[in-house]
Amino acid sequence: MAYQHIIVTKEQGYAIAQLNRPDVLNALNMKLMAELVEALEALDKDEDVRCVIITGNEKAFAAGADIKEMADASAMDMLVRDMFARWDRIRKIKKPIIAAVSGFALGGGCELSMTCDIIIASETAKFGQPEINIGVMPGAGGTQRLTRAVGKAKAMEIVLTGKMISAQEALQWGLINKIVPVEYYLQEAKDLAKEIASKPPMAVRLAKEAVLKAFDTTIEAGLEYERKNFYLLFASDDQKEGMKAFVDKRKPEWKGR
Ligand code: CAA
């Protein structure tokens, strides 16, 4: 499928969605977000794809929502555009998503990386929620996901000052998984995607769902949810194969069923 603002490529077992508005540091305009969501939903249905990487370029993952597109909007315009409805659809993607971040991940860019399941950053990555500097505040989940990731104190500091934090700080504060030299950040994400793609897909899907459940439920309900997913996997061929292969001391062959 040809898109205007993203480039989608499929590799063995995984796919890459690259944000592609380099002239504006991958500012997330409505067209780009529509394309990204459409691509992610198509990849979610594609049985050859078991993991997705979202990336930008070395200079910018994304410098936020497109300010020029929003500058003259009224509250009613924003309500009618309902741009964040698309972000809810990203949250519903069942396959694991890895953000491979280099350079700026600001505002909606930071929020997009946090909507992914794992964040691999280059040593030049800079994260932040600078909306306060342009008279607004995070709108695509920043106040919620950042707070859950780094805690109230750090989230307040980032959201209220709008300052950027380095990849090192982001790692220390628990926002990201790993920092790698800029030449390797995409390769690192690809290696991780390949590893996840080699696992039984149903177990991956239900495990992702259960981890995400921890964000919006009580421990009691979350444990119940986890248990049900665990039991459900005993209805899969891959559970039989995985456990039999262990006993037979051989490599399992996954069917994805
Ligand atoms: N929207 C629209 N255009 C943007 C943009 C954005 N978020 N970020 C950068 N650009 C454009 C610039 O306007 C510039 O375009 P021109 O060449 O046509 O002038 C181009 O990208 C390059 O940017 P700079 O010249 O500013 O590059 P720099 O290296 O000097 O600075 C930067 C980089 C610090 C990231 C700076 O561009 C910046 O502060 N960008 C805005 C960051 C921001 O405020 N993001 C939050 C947006 S609101 C939001 O995201 C709401 C939400 O919760 C969803």
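Note that the coordinates shown come from a computational prediction; the quantities given were computed from them, not determined experimentally. What's counted below: heavy atoms across the whole structure, side chains too, no hydrogens, waters or symmetry copies.
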Atom of [X], atom of [Y] and distance for their closest heavy-atom approach:
X	Y	result
Arg50	Ile196	O-CG2, 4.5 Å
Ala167	Glu123	CB-O, 4.1 Å
Ala27	Leu32	O-CD1, 4.1 Å
Asp238	Pro201	OD2-CD, 3.9 Å
Cys110	Ser113	O-OG, 2.7 Å
Thr115	Arg91	CG2-N, 4.3 Å

Next on the checklist: Under the criterion salt bridge (charged side-chain N to carboxylate O under 4.0 Å, His left out), I'd like the reasoning laid out for Glu35 against Lys31: C-alpha separation, chi angles, the key distance, then a yes or no.
Outcome noted: CA-CA 6 Å; Glu35 291 182 353; Lys31 178 99 193 315; 3.1 Å; yes

Kindly compute the distance separating [atom1] ([X]) from [atom2] ([Y]), expressed to the nearest 0.5 Å.
X	Y	atom1	atom2	result
Glu226	Leu206	CD	CG	11.5 Å
Asn20	Gln4	CG	CD	10.0 Å
Ile93	Ile54	CD1	CD1	8.5 Å
Arg250	Glu241	CZ	CD	4.0 Å
Lys190	Ile98	NZ	CD1	12.0 Å
Gln172	Ile179	CD	CD1	8.5 Å

More than 12 heavy atoms of other groups within 6.0 Å of [X] [atom1]:
X	atom1	answer
Asp248	CG	yes
Met156	CE	no
Gln12	CD	no
Lys228	NZ	no

[X] vs [Y] side-chain heavy atoms within contact, under 4.5 Å:
X	Y	result
Met164	Phe104	yes
Trp87	Glu111	yes
Glu11	Tyr14	yes
Phe127	Ile119	yes
Val150	Leu175	yes
Val180	Ser122	no
Met114	Gln129	yes
Asn26	Phe61	no

Check [Y] with [X], please: is the shortest side-chain N to carboxylate O separation under 4.0 Å?
X	Y	result
Lys92	Asp44	no
Glu188	Lys178	yes
Glu47	Arg257	yes
Glu41	Lys94	no

Checklist entry - By ring-ring contact (aromatic ring centres under 6.0 Å, His included), which residues pair with Phe230, not counting sequence neighbours? => result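 Only Phe234 meet the ring-ring contact (aromatic ring centres under 6.0 Å, His included) criterion with Phe230.
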
Using atom types as modelled and distance alone, determine if a side-chain donor or acceptor of [X] lies under 3.5 Å from a backbone N or O of [Y].
X	Y	value
Thr217	Ala214	no
Lys213	Tyr225	no
Thr55	Ala100	yes

Is there a path of hydrophobic side-chain contacts, each under 4.5 Å between heavy atoms, that joins [X] and [Y]?
X	Y	answer
Val37	Val52	yes
Ile132	Ile158	no
Met70	Leu79	no
Leu192	Leu171	no
Leu36	Val49	yes

Item to check | From CA spacing to verdict: side-chain contact (heavy atoms from CB on, under 4.5 Å), Val101, Ile176 | outcome: CA-CA 10 Å; Val101 176; Ile176 65 174; over 6 Å; no

Item to check | salt bridge (charged side-chain N to carboxylate O under 4.0 Å, His left out) involving Arg148 - partner list, sequence neighbours excluded | outcome: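 Salt bridge (charged side-chain N to carboxylate O under 4.0 Å, His left out) list for Arg148, sorted by chain: empty.
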
Checklist entry - side-chain contact (heavy atoms from CB on, under 4.5 Å) between Gln239 and Met202: does it pass, once the steps are laid out? => result CA-CA 9 Å; Gln239 173 270 327; Met202 280 301 151; over 6 Å; no

Checklist entry - Which pairs with one or both residues in residues 149-164 pass salt bridge (Lys or Arg N to Asp or Glu O under 4.0 Å), sequence neighbours excluded? => result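 Residue pairs with at least one partner in residues 149-164: Glu157-Lys163.
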
Next on the checklist: Can you confirm whether the side chains of Glu58 and Tyr185 place a donor and an acceptor under 3.5 Å from each other?
Outcome noted: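 Judged by distance alone, the side chains do not pair up.
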
Next on the checklist: Using side-chain contact (heavy atoms from CB on, under 4.5 Å), reason through Leu19 and Leu28 one step at a time and then give a plain yes or no.
Outcome noted: CA-CA 9 Å; Leu19 313 179; Leu28 305 168; 4.1 Å; yes

Next on the checklist: Please evaluate residues Ile90 and Leu112 with respect to the criterion side-chain contact (heavy atoms from CB on, under 4.5 Å), reporting the C-alpha separation (whole Å), side-chain torsions for both, the decisive distance (0.1 Å), and the verdict.
Outcome noted: CA-CA 9 Å; Ile90 300 180; Leu112 180 60; 3.9 Å; yes

